[in-house]
Amino acid sequence: MNPDFIIIGGGVIGLSSALELARHSASVTVLERGAAGAEASWAGGGILSPLLPWNYPEAVSSLCDLGVQLYPQWSADLMSISGIDPEFLASGMLALPPMDEVVAESWCVQHGWRHAYEAAQQRIPGLTQDSRALWLPDVAQVRNPRLVQALRVAAQDAGVKLQEGVEVTHVALAEPARIDYLDTTQGKQQASAYIITAGAWSQSILGEIAPHWPIKPMRGQMLLFKAAPELLPHIVYRQGIYLIPRRDGHILAGSTIEDVGFDKSTTEAARQMLYSTATDIFPALRSLPVVRHWSGLRPGSPDNIPTIGRHPLVENLYANTGHFRYGVTMAPASAQILANLIAGRPQVLDIAPYRWAET
């Protein structure tokens, strides 16, 4: 029998969507051209917040806030089912200047975010700057590779059929308003409905079904330092660059935003920039080894606002994609919104900003 849904793309958004639908008794198959969760889902830093949320539209903040509310229980459930700890940790974030303090203060008050201004070195000894900085104690993180591993196990435990190494080569329309089947590298596949969650590859897979969809790859490069646990106690942010301390002592430094198409290579220029900035923020990193340098392709979208909804013309095609920098943060909320939309259940926030626009 054909499944209720075929989901195209097995990253954090595809797997979380599949899990949410399966929990509501749907039969779901996920097609992933490579290994599940091995693209942008694996490559990101895992900060569960827009970096400086007051710099983003309300549609981004609202979806991220809902995701953050869901994360403690969601990650605990994933760990209980899979036995894999996603390492959800409310580590807090210290935002260093420059920033617009008036705008930041107003946003935090309006959205109920706990915050305080402190001398930077009082919060984190060893920082170069000792200027006035904004402390956000509730900003949390997860460890992306462990999150996608846990999601993979949990989805399969819920009955989701995951097919890795299967690429969609053609989307066949029976008539202008309906998908008939998918051609794949493993033959024809059919379902009652289809969901595109392929991140940066979403538009290229659909082709003329979504010819003007403004989702494109945006490369981000990261460095990984090996340090002793608790050397850096909190996330630090300064002018687009962040440091993320993991429980085991690794410290991530990221990230670039590069419009270079589907080129996933790393560059010496980015390595030098990230190293120079990271060590300027926290000089103790100069004595530590860089153990990895990698890149990923984010699904870039206008204003970081994803598409979550039904295609405006093709009645059995849905999208949950285009989350740009915040797919991990938005994942549980986006999956919930999509499942509610499909089932006609009430939504907990206004979903109009995520509607699939006319193509």
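For reference, positions follow the sequence shown, starting with 1.
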May I have the step-by-step check of side chain to side chain contact (heavy atoms under 4.5 Å, CB included) for Met273 and Thr256, ending in yes or no? CA-CA 9 Å; Met273 183 277 291; Thr256 62; 3.7 Å; yes

What one should report as the nearest heavy-atom pair of Pro86 and Ala150 is CG-CB, 4.3 Å

Donor on one side chain, acceptor on other, Gln129 and Ser131, under 3.5 Å: yes

Would a single hydrophobic cluster contain both Ile47 and Tyr56, if residues Ile, Leu, Val, Met, Phe, Trp and Tyr are joined by side-chain heavy-atom contacts under 4.5 Å? yes

In this structure, would Val148 and Ile81 fall into the same cluster of hydrophobic residues linked by side-chain contacts under 4.5 Å? no

Where do Glu101 and Leu134 land on the side chain to side chain contact (heavy atoms under 4.5 Å, CB included) test, with the steps shown first? CA-CA 9 Å; Glu101 289 192 10; Leu134 179 59; over 6 Å; no

Would you give the length of the straight line joining atom OH of Tyr354 to atom CG of Leu63, rounded to the nearest 0.5 angstrom? 4.5 Å

For His111 and Ser61, which I'm curious about, is there any donor-acceptor pair between the side chains at under 3.5 Å? no

Under a 3.5 Å threshold, yes or no: a donor from one side chain and an acceptor from the other, between Asp77 and Gln73? yes

With heavy-atom distances below 4.5 Å as the criterion, would you say the side chains of Leu51 and Arg325 are in contact? yes

Would you say Thr277's side chain and Leu274's backbone share a donor-acceptor pair under 3.5 angstrom? no

Rounded distance [0.5 Å steps], CZ in Arg345 versus CG in Asn340: 4.5 Å

Distance (rounded to the nearest 0.5 Å) between Trp213 CH2 and Trp356 CH2: 4.0 Å

Any side-chain to backbone donor/acceptor pair from His311 onto Ile209? Under 3.5 Å, distance only. yes

Go through the side-chain N and O atoms of Glu268 and His293 and say whether any donor and acceptor fall under 3.5 Å apart. no

Between Arg146 and Asp85, is there a donor-acceptor pair closer than 3.5 Å when you use the side chain of the first and the backbone of the second? yes

Polar side-chain atom of Ser80 near backbone of Ala76 as donor-acceptor pair, under 3.5 Å: no

Residues Ser91 and Gln141: side-chain donor-acceptor under 3.5 angstrom: yes

Is it true that a side-chain atom of Ser41 and a backbone atom of Val12 form a donor plus acceptor pair closer than 3.5 Å? yes

Could you check whether any side-chain heavy atom of Trp113 comes within less than 4.5 Å of a side-chain heavy atom of Val139, counting everything from C-beta outward? yes

Min side-chain heavy-atom separation Met330-Pro306 under 4.5 Å: yes

Of all heavy-atom pairs between Ile124 and Pro233, which one has the smallest distance, and what is that distance? CG2-CD, 4.1 Å

Using the side chain to side chain contact (heavy atoms under 4.5 Å, CB included) rule, take Leu288 and Leu231 through it: C-alpha gap first, then chi angles, then the decisive distance, then the call. CA-CA 11 Å; Leu288 302 176; Leu231 175 68; 3.7 Å; yes

Side chains of Asn2 and Tyr181: does their closest heavy-atom pair fall under 4.5 Å? no

So how far is it from Leu349 CG to Asp65 CG, rounded to the nearest 0.5 Å? 9.5 Å

Rounded to the nearest 0.5 Å, what separates atom OH in Tyr194 from atom OG1 in Thr29? 10.5 Å

Between the side chain of Asp248 and the main-chain N/O of His250, is any donor-acceptor distance below 3.5 Å? yes

Linked, directly or transitively: Ile337 and Val28 (ILVMFWY side chains, under 4.5 Å): yes

If you count every heavy atom of other residues, nucleotides or ligands that lies below 6.0 Å from Arg355 atom CZ, does the total exceed 12? no

Residues Glu164 and Arg152 bridged, charged N to O under 4.0 Å: yes

List the atom of Ser202, the atom of Thr197, and the distance in Å for their closest heavy-atom pair. OG-C, 4.3 Å

Taking atom types as modelled, find out whether Thr267 and Arg219 have a side-chain donor-acceptor pair closer than 3.5 angstrom. no

Check whether Trp294 reaches the backbone of Ala43 with its side chain - one donor and one acceptor, N or O, closer than 3.5 Å. yes

For Gln149 and Ser82, test the side chains for any donor-to-acceptor distance below 3.5 angstrom and give the result as yes or no. no

Within the side chain of Ser276, is there an N or O that forms a donor-acceptor pair under 3.5 Å with the backbone of Gln272? no

Let me check something: do Ile281 and Leu252 share a hydrophobic cluster, defined by ILVMFWY side-chain heavy atoms less than 4.5 Å apart, either directly or through other members? no

Side-chain (Gln203) to main-chain (Ala210) donor-acceptor, under 3.5 angstrom: yes

Grab the two heavy atoms, one from Thr321 and one from Ile196, that are nearest each other, plus how far apart they are. CB-O, 3.9 Å

Are the side chains of Gln163 and Thr184 in touch, meaning some heavy atoms are under 4.5 Å apart? no

Is there a side-chain contact between Val290 and Arg271 (heavy atoms, below 4.5 Å)? yes

Looking only at heavy atoms, the pair that brings Ser49 and Thr329 closest together is N-OG1, 3.6 Å

Side chains of Asp263 and Glu258, heavy atoms from C-beta outward: is any pair under 4.5 Å? no

Minimum heavy-atom separation for Leu285 and Tyr275, please, with both atom names. O-OH, 4.4 Å

Within one Ile-Leu-Val-Met-Phe-Trp-Tyr cluster: Tyr117 and Leu94, side-chain cutoff 4.5 Å: no

Is Asp180 reaching over with its side chain to a backbone N or O of Ala172, donor-acceptor style, under 3.5 angstrom? no

Could you go through the side chain to side chain contact (heavy atoms under 4.5 Å, CB included) check for Glu105 and His115 one step at a time? CA-CA 8 Å; Glu105 175 76 17; His115 64 288; 3.0 Å; yes

With a 4.5 Å cut-off on side-chain heavy atoms, are Phe282 and Leu127 touching? yes

Would you kindly say whether Ser27 and Asp4 are connected by a side-chain donor-acceptor distance under 3.5 Å? yes

Would you please classify the geometry between the Trp201 ring and the Phe262 ring as parallel, tilted or perpendicular, with 30° and 60° separating the classes? tilted

Rounding to 0.5 Å, atoms CD1 (Ile251) and CD1 (Ile235) come to a distance of 12.0 Å

